[in-house]
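The structure under discussion appears below in the form of structure tokens.
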Amino acid sequence: MGQGDAYFVDVEVPRAVLLDTSQTTPTRKSPLQFGAVWYRSQHAEQTINDWTPENGLGVVAYPVKPNEAGAKRHPEGGIAFTSAKNTGLVAEGALSETRQFTCAVRFDSPLGEARTLVTINPTDADNYLFLNEKDGELTWQDQKGSVAVAIPTPPTPAWVVVGYDAGRLSIAAASEGHALAAPVTSTEDNPLLDRDLSGSSDLFIGCRSHRKGILKTLGTSRIMDVLLWSDSFVLTQGEAAQLNAVCRYAETEGASE
């Protein structure tokens, strides 16, 4: 047998000694490992006066000004939101720049009328972005109405993920335990919106602002998790497997069902 010739042996080798050359993505991955700020709803108390991100990584969310009594824990876990009542929270300055970000929300909305789920509200601008559910449809748009993307709400509990990338909006959703559908993205860049959203922004959860009077924007829902990538857009084909793995992890490690 010459040097360099292959030599085959008909012996079964234990799998443990084989080199693993696969590059498979884990089916579950902590949001923190994927760079997200994780508002994980695991409150034991009935009245919620603050929502601290997991491991203290991120800005603490406090009740908005009209929410003097604090948010309420839902009997099934998560935070309860009630129609026409502002029990929202805000993480002020959660985004230091608003040029690019992603936000994911795990929610339950049996009536299809959650209304405002989250809002990205710039500190010094007269425009903002909000995620809204009405008549069983999820819409991600700016307050001025210059751009919007919309999809049907999947059966809840579900995830909805929204993103912003320098004037362009994207949205995707899926029921718990299912892979996110391909995102719907606005067709053109919006330089005026990009200008409006420059600078820092607050993250509002369950409402749009500190105002008390916008009751029609406040619906009925239960929010279990909010994930925020404050300076990166991860709603892409290349990150899809990682994003789904993060959702699976939060479902099993987050608020009890």
Side-chain angles (χ1 to χ4, degrees), residues 29-41 48-65 67 71 79 88-106 116-132 140-144 146-149 159-172 183 185-186 189-211 223 225-236 238-239 242-243 246-247 250 254:
K29 184 174 185 177
S30 168
L32 303 184
Q33 292 178 313
F34 194 40
V37 174
W38 183 11
Y39 294 92
R40 174 185 176 190
S41 185
I48 299 165
N49 292 311
D50 61 78
W51 198 357
T52 301
E54 189 77 352
N55 290 355
L57 300 176
V59 179
V60 178
Y62 294 100
V64 295
K65 293 176 181 178
N67 184 9
I79 298 178
L89 302 105
V90 58
E92 295 185 342
L95 295 87
S96 57
E97 289 289 337
T98 319
R99 300 300 303 276
Q100 193 180 62
F101 65 86
T102 312
C103 185
V105 182
R106 185 164 70 105
T116 307
L117 288 166
V118 292
T119 301
I120 304 297
N121 203 329
T123 306
D124 298 310
D126 60 352
N127 198 6
Y128 56 79
L129 294 174
F130 64 94
L131 171 61
N132 191 71
W140 175 230
Q141 68 175 90
D142 71 317
Q143 186 267 339
K144 290 182 178 178
S146 67
V147 61
V149 287
W159 287 95
V160 56
V161 185
V162 293
Y164 175 77
D165 187 10
R168 188 167 294 193
L169 306 185
S170 297
I171 185 171
T185 302
S186 54
D189 292 337
N190 189 324
L192 294 179
L193 179 61
D194 192 35
R195 184 188 64 191
D196 285 344
L197 296 182
S198 62
S200 65
S201 289
D202 302 332
L203 169 66
F204 286 86
I205 301 170
C207 64
R208 298 189 191 178
S209 70
H210 285 290
R211 290 179 59 185
I223 293 180
D225 294 281
V226 176
L227 310 177
L228 177 66
W229 291 263
S230 62
D231 58 1
S232 58
F233 179 77
V234 301
L235 196 51
T236 65
E239 302 286 10
Q242 299 268 25
L243 190 53
V246 163
C247 292

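In this chain, numbering begins with 1 at the start of the sequence shown.
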### Query
Quick one: does S209's side chain get under 4.5 Å of N121's, heavy atoms only?
yes
### Query
Do S146 and L192 have side-chain heavy atoms sitting under 4.5 Å apart?
no
### Query
Would you say W51 and S41 make side-chain contact, with heavy atoms under 4.5 Å?
yes
### Query
Hey, does I79 have a side-chain heavy atom less than 4.5 Å from the side chain of L89?
yes
### Message
Looking at every heavy atom in both V226 and C103, which two are closest together, and how far apart are they?
### Response
CG1-SG, 3.9 Å
### Query
Roughly how far, to the nearest 0.5 Å, is CZ of F233 from CD of E239?
10.5 Å
### Message
Looking at T123 and S200, would you say the former's side chain and the latter's main chain have a donor-acceptor pair under 3.5 Å?
### Response
yes
### Message
I'd like to know whether CZ of F34 has more than 12 heavy-atom contacts from other residues, nucleotides or ligands below 6.0 angstrom.
### Response
yes
### Task
Identify the two heavy atoms, one from A172 and one from P183, that lie closest to each other, and give their separation to 0.1 Å.
CB-CA, 3.9 Å
### Query
Out of curiosity, Q242 CD to C247 SG, how far, rounded to the nearest 0.5 Å?
12.0 Å
### Message
Give me the atom names and distance for the closest heavy-atom approach of D202 to E92.
### Response
OD1-CA, 3.2 Å
### Query
Would you say the side chain of L129 lies within less than 4.5 Å of the side chain of L193, judging by non-hydrogen atoms?
yes
### Query
Going by heavy atoms in the side chains, are Y164 and V162 under 4.5 Å from each other?
no
### Query
Which heavy atom of V64 sits nearest a heavy atom of C207, and at what distance?
CG1-SG, 3.7 Å
### Query
Between S170 and W140, what is the shortest heavy-atom contact and its length?
O-CD1, 3.3 Å
### Task
State which residues pass salt bridge (charged side-chain N to carboxylate O under 4.0 Å, His left out) with R99; sequence neighbours excluded, sorted by chain then number.
D194
### Message
Using 0.5 Å steps for rounding, measure from the CG atom of L131 to the CD1 atom of I205.
### Response
12.0 Å
### Task
Would you give the length of the straight line joining atom OH of Y62 to atom CD1 of I48, rounded to the nearest 0.5 angstrom?
14.0 Å
### Query
Does V37 have any side chain to side chain contact (heavy atoms under 4.5 Å, CB included) partners at least two apart in sequence or in another chain, and if so, which?
Y39, P53, L228
#### Entry: Residue pair L243 / W159, side-chain heavy-atom distance below 4.5 Å
no
## Note on the structure
For K144, the side chain to side chain contact (heavy atoms under 4.5 Å, CB included) test, sequence neighbours excluded, returns D126, N127, D142, D196
## Note on the structure
Residue set satisfying side chain to side chain contact (heavy atoms under 4.5 Å, CB included) with S96, at least two apart, ordered chain then number -> none
#### Entry: Closest approach of A94 to S230 (non-hydrogen atoms, all atoms of both residues)
O-CB, 3.7 Å
### Message
List the residues meeting side chain to side chain contact (heavy atoms under 4.5 Å, CB included) with A148, not counting sequence neighbours, and say none if there are none.
### Response
T139, Q141
### Message
Quick check against the 3.5 Å criterion: does T119 have a side-chain atom that pairs as donor or acceptor with the backbone of F130?
### Response
no
### Task
Report yes if some heavy atom in the side chain of L32 is under 4.5 Å from a heavy atom in the side chain of E54; otherwise report no.
yes
### Task
List the steps and the verdict of side-chain contact (heavy atoms from CB on, under 4.5 Å) for H210 and F204.
CA-CA 9 Å; H210 285 290; F204 286 86; 3.9 Å; yes
#### Entry: Distance (rounded to the nearest 0.5 Å) between L235 CG and T185 OG1
7.0 Å
### Message
Determine whether a donor-acceptor pair (N or O, by modelled atom type, separation under 3.5 Å) exists between the side chain of T98 and the backbone of G199.
### Response
yes
### Task
Quick one: pull up CD1 in I120 and CZ in R208 and give me the separation to the nearest 0.5 Å.
13.5 Å
### Task
Using the test salt bridge (charged side-chain N to carboxylate O under 4.0 Å, His left out), find all partners of D189 that sit at least two apart in sequence or belong to another chain.
R168
### Query
Has the side chain of T102 got a donor or acceptor atom that lies under 3.5 Å from a matching backbone atom of S232?
yes
